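Presented below is the structure to which this report refers.
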Amino acid sequence: MTWTLKLVNRQPMKEKLGLLVQHALKSGVAAGHLRPTEIPLSIALETPRIAAHGDYSTNVAMTMAATQKRAPREVARIIIDHIDDSGHLLSKTEVAGPGFINFFITQEKWYEVLKTIHDEYEAYGACQIGLGKRVQIEFVSANPTGPLHVGHGRCAAVGDTLAAILEAAGYQVEKEYYVNDSGRQIHTLGRSVFLRCRQILGDAIEFPADFYQGDYIEDLARLLVDREGAHLPDMDEEEAVGICARFAAEEILSGIRKDLEAFGVSFDRWFSEQALYDSEAVRSVIQDLKSRDIIYEHEGALWFRTQDFGDEKDRVVVRANGQTTYFASDIAYHKDKFERKFDRIIDIWGADHHGYIPRVSASIQAMGYDEKQCRIILVQLVNLLRGGSPVAMSTRAGEFVTLRQVVDEVGRDAARFLFLLRHYDSPLDFDLELAKKESNENPVYYVQYVHARISNIIKKAEERGYKHMCWHDDFTDLIKLPEEIQLIKLMARYPEVVAQSALLMEPHRIPFYLKELAAAFHAYYHDRNKHMVVSDDAGLSAARLFLVSAIRIIISTGLTLMGVSAPETM
RNA sequence: GCGCCCAUAGCUCAGUGGAUAGAGCGCCGGACUACGAAUCCGUAGGUCGGGUGUUCGAAUCACCCUGGGCGCACCA
């Protein structure tokens, strides 16, 4: 009994209200006051911009007006009349404008939010909309032919945070990195390293322009020469190149792992492309599709009929020279993903790969899977700036700023926060100087500062003997300034933000919310005449400590979702 | 040429088909003898690129145009 009651109390405000409206609709139909047309499954509730329009409002009466064959305001009136608010959630309900229903929540109910935050602590904001469904999310998946650059960093931040958000929303999430450890580019890597080895050992040979150019190739060559000795050039060339390739790919991949680790990103599984060849998975899926005439032969190559599934042209799977393309292993890879029975598959790619989508989607359909289960998120590119002017980068010449360099220079927190601050759909200007600034131009510290400030207040309070952080019923008389209620209302929105981020798969909503909460706190904090938290008034101090420490909980859990630290001092 | 993404304040960007479109930065002017000034308060700033349509209602949806980014390989 008490358990159920507690559970209901813990429901986010919006959910409680949604249920109330839904029951009203049902009882309106039961009473014959509403036509038994379909009742919306979820009630669209929004927080109006203008406070006079209530804490929440719904347009349900307007959307139902046509099928109800009544004026929207009339429908709204009927709904209101059937609301059974036995829990005294509402202080006022009104019909407004063209047919909105505006809800005003009883002030007492807001205090429950405060209690819930303390009860649930870091679990506050989590929900079960995911119903335990299994989601696989694959991201970064950069080729082990060079270090990660800033663009990969953005994908890493988006993927890792999205995974955390989905987990908080009740999904079972598996994070995966697909390692392209096979094929031509690995071979080229091997040849590049091999050539550098020979150069180091004294061969005066030219280094072709289509080989990997970066200094790291030379570093790897030096390392390999030290380890293997000087006999490398005397071996059979293909064998030597193979040794170089394996060595370089392993070294680079382990560097990538370390860089990601330093960036706070971890994976549940590293999936090897080569394994798909070793297990014959690629061969067998090609065979299968060939027998169904989805793959056909033309001019010595094998082609996939992607055009039949909406692509603009058919695509090559096996080239005339017998080499498979990336597409071939990607078909097998996605087949493998579907065979692992995830309810949902998410691929996060750099936006420059968007031309690849119709191809992959075609292959999923051709294999008989539902392509809607696989969602491909394209993360737009990053423009790296320093003090407002672009940083020259050329991947081909091997001159680019790596993720590691950025993290070393600006710090992991700033990098992650700024990567997540934009919708992934919009290109990101990342300014290294701005990222380092400890000022109001940099939103990272703005949010973290809230955590540090509140931590400091709590420390001060403890020094003065305020020990126990728990709810007292007289807090309702002590926390009643409009700006305090406003803060609580803002905190009540956090679970909605998490749920929305999960549903729309949009991590940027978290930092935007945190900025808003931070701004509200800073403003509150600053008026020391009115809002001094720790004072000689023991009751008031306890109440305000309860209030601000709830803010700290949300700041901390929000930052944790983003992989950003919540420091107690700065 | 074709395809995908984008266009909102001077700049960088939010915005769930709803009511009067928001924030940060920058500009200008203010605020520390009390819990951290990495902060706060105030002023100004808009044809939501343009057009047509759908809708009771459009920054949001559809179509066209303009402008920008990216991609159009038997590359990855």
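Since the model is a prediction, treat every value here as computed from it, not as a measurement. Chain naming here is simple, since letters A, B, ... match the order of the sequence lines and numbering starts at 1 in each.
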Check your understanding: Base, backbone or nothing for each nucleotide of nucleotides 42-50 of chain B, written B, S, -, heavy atoms under 4.0 angstrom, 5' to 3'?
Key -> ---------
Exercise for review: Heavy atoms under 4.0 Å is the rule here; annotate nucleotides 6-12 of chain B 5' to 3' with B where the base is hit, S where only the sugar-phosphate is, and - elsewhere.
Suggested key: S-----S
Point to revise | Heavy-atom protein contacts under 4.0 Å, nucleotides 19-26 of chain B, coded B base, S sugar-phosphate only, - none | key: BBSS--SS
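Between the P atom of B/rA73 and the CG atom of A/Asp311 lies a distance of 11 Å, rounded to the nearest Å. In this structure, CE of A/Met64 is placed 19 Å from P of B/rG18, rounded to the nearest angstrom. Atom CD of A/Gln307 and atom C1' of B/rG3 are 14 Å apart (whole Å). If you measure from atom CZ of A/Phe327 to atom P of B/rG71, you get 20 Å, rounded to the nearest angstrom.
Regarding the sugar-base torsion, B/rC70 falls in the anti class, its angle being beyond 90° of 0.
Side-chain contact of A/Glu484 with A/Tyr524: a donor-acceptor pair under 3.5 Å is present, judged by distance alone. Looking only at atom types and distance, the side chain of A/Thr67 has no donor-acceptor partner in the side chain of A/Arg35 under 3.5 Å away. No side-chain donor from either of A/Gln185 and A/Asn180 sits under 3.5 Å from a side-chain acceptor of the other. Using modelled atom types, one finds a donor on one side chain and an acceptor on the other under 3.5 Å when comparing A/Asp330 with A/Tyr356.
Residue whose closest nucleotide on RNA chain B sits further toward the 5' end, between A/Leu421 and A/Tyr445: A/Leu421.
Note on A/Glu483 versus A/Lys530: salt bridge recorded, some NZ/NE/NH1/NH2 to OD/OE distance being below 4.0 Å. One finds no salt bridge joining A/Asp429 and A/Arg422 here, because no Lys/Arg side-chain nitrogen approaches an Asp/Glu carboxylate oxygen to under 4.0 Å. We find that A/Lys92 and A/Glu94 are joined by a salt bridge, their nearest charged nitrogen and carboxylate oxygen being less than 4.0 Å apart.
Here salt bridge (Lys or Arg N to Asp or Glu O under 4.0 Å) pairs that include residues 50-59 of chain A, with residues two or more places apart or in two chains, are A/Asp55-A/Lys489.
The closest side-chain heavy-atom distance from A/His149 to A/Val406 is not below 4.5 Å. No side-chain heavy atom of A/Phe100 sits less than 4.5 Å from a side-chain heavy atom of A/Val95. Proximity of A/Val21 to A/Phe103: side-chain heavy atoms (C-beta onward) are separated by under 4.5 Å at one or more points. Put simply, the side chain of A/Ile510 does not reach to within 4.5 Å of the side chain of A/Leu420, judged on heavy atoms. A/Leu276 places a side-chain heavy atom less than 4.5 Å from the side chain of A/Phe271. When side chains are defined from C-beta on, A/Phe327 does not count as touching A/Val316, because their heavy atoms never get closer than 4.5 Å.
Not counting sequence neighbours, the partners of A/Ser182 by the side chain to side chain contact (heavy atoms under 4.5 Å, CB included) test are A/Glu273, A/Gln274, A/Tyr277. Remark: A/Asp311 pairs with A/Thr306, A/Arg315, A/Pro358, A/Arg359 by the side chain to side chain contact (heavy atoms under 4.5 Å, CB included) rule, at least two apart or across chains.
Looking at A/Asn59, its side chain comes within 3.5 Å of the base of B/rG18 through a donor and an acceptor atom. The base of B/rG71 does not come close enough to the side chain of A/His353 for any donor and acceptor atom to sit less than 3.5 Å apart.
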Which side-chain N or O atoms in residues 502-509 of chain A pair as donor and acceptor under 3.5 Å with protein atoms at least two apart or in another chain?
unit_1	atom_1	unit_2	atom_2	d
A/Glu506	OE1	A/Arg509	NE	2.7
A/Glu506	OE1	A/Arg509	NH2	2.8
A/Glu506	OE2	A/His423	NE2	3.1

Do any side-chain atoms of residues 294-301 of chain A form donor-acceptor pairs under 3.5 angstrom with protein atoms, and if so which ones, sequence neighbours left out?
unit_1	atom_1	unit_2	atom_2	d
A/Tyr296	OH	A/Asp314	OD2	2.7

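Taking atom P in both B/rU60 and B/rU16, the straight-line distance is 12 Å, to the nearest Å. For the P atoms, the distance linking B/rA37 with B/rC28 amounts to 24 Å, nearest Å. Separation of the C1' atoms belonging to B/rG45 and B/rA23 is 14 Å when rounded to the nearest angstrom. If you take atom P in B/rG18 and the same atom in B/rA58, they sit 11 Å apart, rounded to whole Å. Comparing the P positions of B/rC11 and B/rG26 gives an interatomic distance of 16 Å, to the nearest angstrom. With P as the reference atom, B/rG10 and B/rU33 are 38 Å apart, rounded to whole Å. A gap of 11 Å separates the P atoms of B/rC6 and B/rG15, to the nearest Å. As rounded to the nearest Å, B/rC25 and B/rG36 have C1' atoms that lie 23 Å from one another.
In plain terms, the two heavy atoms of A/Tyr513 and A/Leu490 that are nearest each other are OH-O, 2.7 Å.
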Practice item. Walk me through it: do A/Lys459 and A/Glu568 pass the test salt bridge (Lys or Arg N to Asp or Glu O under 4.0 Å)? Key: CA-CA 10 Å; A/Lys459 205 181 101 200; A/Glu568 296 198 358; over 6 Å; no
Check your understanding: Do A/Tyr177 and A/Phe139 pass the ring-ring contact (aromatic ring centres under 6.0 Å, His included) test, and can you show the C-alpha distance, the side-chain angles, and the key distance before you say yes or no?
Key -> CA-CA 6 Å; A/Tyr177 187 117; A/Phe139 57 104; 8.2 Å; no
Practice item. Determine which bases of RNA chain B form Watson-Crick or G-U wobble pairs with both distances under 3.5 Å, and write the result as a 5' to 3' dot-bracket string with | for other-strand partners. Key: (((((((..((((....[...))))..((((.......))))......(((((..]....))))))))))))....
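Residues from residues 72-79 of chain A placing a heavy atom under 4.0 Å of any atom in RNA chain B do not occur. RNA chain B lies under 4.0 Å from at least one heavy atom of each of the following residues of residues 179-187 of chain A: A/Arg184, A/Gln185.
Formation of a donor-acceptor pair under 3.5 Å by the A/Glu138 side chain with backbone atoms of A/Ile348 is not found in this model.
Among B/rC4, B/rC40, B/rC35, the nucleotide with an atom closest to any side-chain atom of A/Met532 is B/rC35. Candidate nucleotides B/rA73, B/rG71, B/rA38 were compared by shortest atom distance to the side chain of A/Lys313, and B/rA73 ranks first. Listed nucleotides: B/rG3, B/rG36, B/rU16. Nearest to the side chain of A/Arg509: B/rU16. Taking the side chain of A/Tyr449 as heavy atoms from C-beta on, and the options B/rA14, B/rA38, B/rC5, the nearest nucleotide is B/rA38. When the nucleotides B/rA73, B/rC70, B/rA14 are ranked by their closest atom to the side chain of A/His508, B/rA14 comes out on top. Distances were taken from every side-chain heavy atom of A/Val534 (C-beta onward) to each of B/rG71, B/rC35, B/rG36; the shortest belongs to B/rC35.
Between A/Tyr525 and B/rA37, a side-chain N or O to OP1/OP2 separation shorter than 4.0 Å is present. Between A/Lys459 and B/rG36 there is no side-chain polar atom (N or O) within less than 4.0 angstrom of OP1 or OP2.
Counting any heavy atom pair closer than 4.0 Å across all strands shown, A/Glu438 reaches a base atom.
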What's touching nucleotides 28-33 of chain B from the protein side, N or O pairs under 3.5 Å?
none

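Taking the six-membered ring for Trp and the full ring otherwise, A/Phe521 and A/Tyr525 have centroids separated by under 6.0 Å.
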